[in-house]
Structure formats: structure tokens, C-alpha cells
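Counting starts at 1 for both ligands and their atoms, in listed order. Positions are given from 1, in the same order as the sequence printed here.
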Amino acid sequence: MLRILRIQQEILRCSFDIDVKPDRKPLSNVTLKTQFIEDFVPDAEIIESLGSPLIEKLPPDVQVSFEFFPPKTEKMQTKLWAAIERLAPLQPRFVSVTYGAGGSTRERTHETVVRIQNETDLVAAAHLTCVGASRGEVDDVARRYWDAGVKHIVALRGDPPGGEETYSPHPDGYGYASDLVAGLTKLADFEISVAAYPETHAEAKSADADLDNLKSKIDAGATRAITQLFFDPDLYFRFQDRAAAAGITVPIVPGLMPVTNFKQNANFAKRSGTSVPSWMYELFSGLDDDPGTRELVSASLAAEQVKRLVSGGVSEFHFYTLNRADLSYAICHVLGIRPKGDDAKM
Ligand code: FAD
């Protein structure tokens with residue numbers, strides 16, 4: 001890359017040198033560039049890379065999924081459905097709906113998931129947690145999903161209810177996500193996704209113990225891991241290598257959260273144990289009251305992130321949409337995903 005930049009600088013310098021000589025006929029940009037390349041840069045690969053696109057080789061089979069949260073009010077409901085309507089023609093592999101901390105959104109999650117399943121062509125997935133419910137209650141929720149045609153569960157331990165610092169399992173409940181996965185496989189032939197942590201879950205005894213836990217969830221029947229959000233693609237790649245060394249072979253799908261409101265995103269990230277690189281504070285500084293510029297900066301950052309992930313072989317992405325469509329839509333566009341139009345019911 002440095003070489004390419006140097007060549008581009010050289011082209012500019014060369015152009016300047018020639019332009020200032022009054023006795024010489026000015027050359028067009030193209031002639032000048034060609035002449036320069038012929039004279040000084042005989043390396044075909046470099047010549048080609050001068051015109052290389054942002055993402056050089058898009059995998060032909062990029063898959064995405066979108067995560068939403070259940071709306072609390074009519075207004076939020078309208079916003080959610082507008083987002084679903086915009087994203088549906090991109091034909092995601094599935095769309096999922098979260099389960100509020102402490103199981104607080106059980107009915108709203110259920111309503112939203114079942115409505116997506118019934119009223120669209122999308123494959124709906126329901127998040128389900130162990131928190132605050134007995135095994136019997138959790139099993140009932142899962143059976144209702146199966147009966148409604150919802151066959152994909154994102155199985156989680158869950159966060160404690162608001163106000164509580166530490167997690168304590170329900171006395172008759174599933175203790176951890178691996179127990180929930182095992183329970184679900186006994187109920188029906190669900191497709192099961194689980195959570196993974198490139199930066200290690202905050203309560204894990206060690207990074208290796210956390211990886212062992214991920215392996216237990218896969219061994220219990222999960223077929224996909226979705227990562228906690230992260231901002232530095234290298235964290236993801238290091239985690240993927242460690243997971244492969246630990247014998248984890250299922251896809252580990254990177255979870256990406258496009259930055260809509262940097263302060264909120266940074267707080268959310270910190271609460272989830274995700275590190276926010278210092279350069280991001282610099283990148284978004286001064287943009288608190290400038291949503292238009294913030295969105296442009298955010299889109300270019302996300303494009304850079306997916307470019308690096310794609311270059312490292314990633315072809316499946318999960319978007320934490322926060323019920324907004326635009327940035328996720330733009331990133332999908334960068335990934336070569338286009339609306340498939342007529343197929344979607346929406
Ligand atoms: P687990 O895999 O059970 O692990 C939790 C911790 O316990 C880890 O530190 C693990 O190492 C440790 N552990 C596991 N088993 C044992 C054991 N037997 N003994 C001792 N320690 C053990 N939260 C919600 O409330 N609702 C959601 O909808 C939701 N969706 C999410 C979606 C994704 C993609 C992700 C990444 C997270 C989501 N979360 C959600 C957050 C998640 O619930 C929290 O991160 C939670 O603290 C851990 O859940 P888990 O499923 O990873 O737990």
C-alpha cells in the first residue's frame with residue numbers, strides 16, 4: 001500500500017514538474033500516468049492495484065442476519081417495522097429478536113418474532129435466556145415458538161434483571177447457556193445459535209475457560225456462534241484462531257454494531273465488555289450534534305471493518321441494528337448485497 005501511495009505521489013509530482021515547463025506540450029492525465037508507469041513501474045500487479053476497488057474480491061456467497069429488539073411503544077413499533085421493511089429485500093439468512101434482561105420482554109419478544117414469522121418471508125429467530133424462569137417455563141416458551149413455526153433459537157444465559165449486579169441461576173432453572181442448549185435439543189429439532197466473546201466474557205475465570213464454555217455449547221447442539229460486538233477486526237481473527245485450535249468448527253459469525261450515536265454505542269460496548277479503541281473517540285469527537293457527518297464517518301468506518309473481515313475470509317455477518325436500517329443497509333451494499341425485490345412479501 002505504501003508503495004502505491006508513493007507511486008501516486010510521484011505521479012502528482014511528475015505532473016507538476018511537466019506542467020511548469022512552458023516549452024512542453026501538456027499531457028493528459030491518462031497519457032501522463034501511462035507514460036510514467038511504463039517508464040518507472042514495470043510491475044503489472046502494482047499497476048492493477050492502482051485501480052483496485054475497496055473490497056477487491058467479494059465472496060460470492062456473503063450472508064447476513066439482522067438483530068432487532070422488541071418495541072415498547074407504538075412509535076417504536078412503527079420504527080421497527082420500517083427497518084424490517086427496508087432490510088427484508090436483502091434476504092438475510094435470518095432476523096432475530098432479543099429477550100430483555102431478566103426475561104423482561106418475554107411477551108413482546110414472542111409477539112414480534114411470531115409476527116415476523118407470519119407476516120413476512122423472513123426466517124425469524126427468537127433469543128431465549130435462562131434468567132428468572134424455571135426449566136418448565138423456558139421449555140413452554142420454546143414449545144410455543146416451535147408450534148408457531150419459529151425453529152431457530154439464539155440460546156443465552158442472559159443478563160441479570162435491571163438493578164442486579166450478579167447473575168444467580170433460578171433454583172429450578174437452566175444454569176448456563178450450555179444447559180439451555182441441551183434442554184432445547186430434547187424438545188425439538190431447533191437450529192441453535194449461541195454467543196461468543198472475542199474479548200472474553202466478563203465473568204469467565206479465564207479466556208481458555210470461556211472458550212471451553214463455547215465448546216460445551218457447541219457440543220450440546222449449537223451450530224453457530226455469534227460474537228459480542230467488537231471494533232477491531234484483529235480481535236476477531238485472534239479469537240477465531242484460538243477457537244479453531246480448541247476444536248470449534250462451527251461458523252463464528254462476527255456481530256457488528258454500526259455506530260449511530262457514538263456516546264451510546266461506547267457505553268453499550270463498555271457494559272458488554274467490549275473495548276473501544278482510543279482512535280474511535282478521536283474519530284467521532286465533535287460530532288455529537290452532527291448526525292449527518294456522524295453517519296458518513298460511521299459508514300466509512302464500517303466499510304473498512306468489513307473490508308478487513310472479508311479479506312480475512314469472513315463471509316457471514318450479524319448486524320446489531322438497534323432497529324435502524326440505514327447503516328446496516330449501506331454496509332450490506334458495500335458487501336455486494338442487493339435487494340432481491342419481488343421475492344419479499346413486504
Ligand atoms: P454462558 O455461555 O452461559 O456463559 C456465561 C458465563 O458463565 C461465562 O463467563 C462462562 O464462561 C461462565 N460459565 C458457563 N458455564 C459455567 C458453569 N457451568 N460454571 C461456571 N461458569 C460457567 N442477553 C439478554 O439478556 N438477552 C438477549 O437477547 C441477548 N442476546 C445476545 C446476543 C448475542 C449475539 C450476544 C453475544 C449476547 C447476547 N446477550 C443477551 C448477552 C448475554 O446474555 C450476556 O453476555 C450473558 O452475560 C452471558 O450469556 P451467554 O449465553 O454467553 O452465557
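Shown here are the side chain to side chain contact (heavy atoms under 4.5 Å, CB included) partners of Thr78, two or more places apart in sequence or in another chain: there are none.
How far CG of Asp121 is from CD1 of Ile116: 12.5 Å, rounded to the nearest 0.5 Å. For the atom pair CG of Leu128 and CG of Asp139, the computed distance is 9.0 Å after rounding to the nearest 0.5 Å.
With a 6.0 Å radius and a threshold of 12 heavy atoms from other residues, nucleotides or ligands, Arg135 has its CZ atom above the threshold. Residue Asp189 places its CG atom among 12 or fewer non-hydrogen atoms of other residues, nucleotides or ligands, all under 6.0 Å distant.
Looking only at protein heavy atoms, the nearest one to atom 27 (C) of ligand 1 is Tyr99 O, 3.4 Å. Taking atom 7 (O) of ligand 1 as the reference point, the nearest protein heavy-atom neighbour is Tyr176 CE2, 3.5 Å. For atom 6 (C) of ligand 1, the closest non-hydrogen atom of the protein is His201 ND1, 3.5 Å. Scanning the protein heavy atoms around atom 11 (O) of ligand 1, the nearest turns out to be Asp210 OD1, 3.1 Å.
Because its NZ or CZ atom is both nearer than 6.0 Å to the ring centre of Tyr329 and within 45° of the ring axis, Arg86 counts as a cation-pi partner of that residue. Judged by the 6.0 Å and 45° rule, Arg157 forms a cation-pi pair with Tyr167.
Using a distance-only test at 3.5 Å, with no hydrogens or angles considered, no donor-acceptor pair links the side chain of Gln91 to the main chain of Lys340. Looking at Asp210, its side chain does come within 3.5 Å of a backbone N or O of His201 through a donor-acceptor pair.
For ligand 1, the atoms closer than 4.0 angstrom to any heavy atom of Gln228 are 36 (C). The atoms of ligand 1 that sit less than 4.0 Å from any heavy atom of Ala195 are 35 (C), 36 (C), 52 (O). Less than 4.0 angstrom separates some heavy atom of Glu203 from each of these atoms of ligand 1: 9 (O).
Under 4.0 angstrom from ligand 1, the non-hydrogen atoms of Leu156 come from both its backbone and its side chain. Here Arg157 has heavy atoms under 4.0 Å from ligand 1 in both its backbone and its side chain. At a 4.0 Å heavy-atom cut-off, ligand 1 touches Tyr197 through the side chain alone.
A ring-centre distance under 6.0 Å is not found for Phe66 and Phe94. His110 and Tyr145 have their aromatic ring centers within a separation under 6.0 angstrom.
In terms of N/O distances under 3.5 Å, ligand 1 is not approached by Ser178. Annotation: Thr227 places no N or O atom under 3.5 Å from an N or O atom of ligand 1; distance criterion only. For His127, a nitrogen or oxygen atom sits less than 3.5 Å from a nitrogen or oxygen atom of ligand 1, counting backbone and side chain alike. In terms of polar-atom proximity, Ile226 is not counted as a contact of ligand 1, lacking any N or O under 3.5 Å from an N or O of the ligand. In terms of polar-atom proximity, Lys205 is not counted as a contact of ligand 1, lacking any N or O under 3.5 Å from an N or O of the ligand. At least one N or O atom of Gly158, backbone or side chain, sits closer than 3.5 Å to an N or O atom of ligand 1. Close N/O approach between Asn213 and ligand 1 is found [any backbone or side-chain N/O within under 3.5 Å]. Looking at ligand 1, you'll find an N or O of Ala177 within less than 3.5 Å of one of its N or O atoms. In terms of polar-atom proximity, defined here as any N/O pair under 3.5 Å, Thr98 makes no such contact with ligand 1. Ligand 1 has no nitrogen or oxygen under 3.5 angstrom from a nitrogen or oxygen of Tyr320.
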Please output the side-chain donor-acceptor pairs of residues 226-236 that fall under 3.5 Å, not counting sequence neighbours, one pair per line with the distance.
| residue | atom | partner | partner atom | Å |
| --- | --- | --- | --- | --- |
| Thr227 | OG1 | Gly255 | N | 2.8 |
| Asp232 | OD1 | Asp234 | N | 2.9 |
| Asp234 | OD1 | Arg308 | NH2 | 3.1 |
| Asp234 | OD2 | Arg308 | NH2 | 3.2 |
| Tyr236 | OH | Gln240 | NE2 | 3.1 |
| Tyr236 | OH | Ile252 | O | 2.6 |

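Residue Val154 places no heavy atom under 4.0 Å from ligand 1.
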Would Phe262 and Tyr281 count as a ring-ring contact (aromatic ring centres under 6.0 Å, His included) here? Give the steps. CA-CA 8 Å; Phe262 180 65; Tyr281 288 91; 5.2 Å; yes
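When the options Asp208, Thr129, Asp159 are ranked by their closest heavy atom to atom 41 (C) of ligand 1, first place goes to Asp159.
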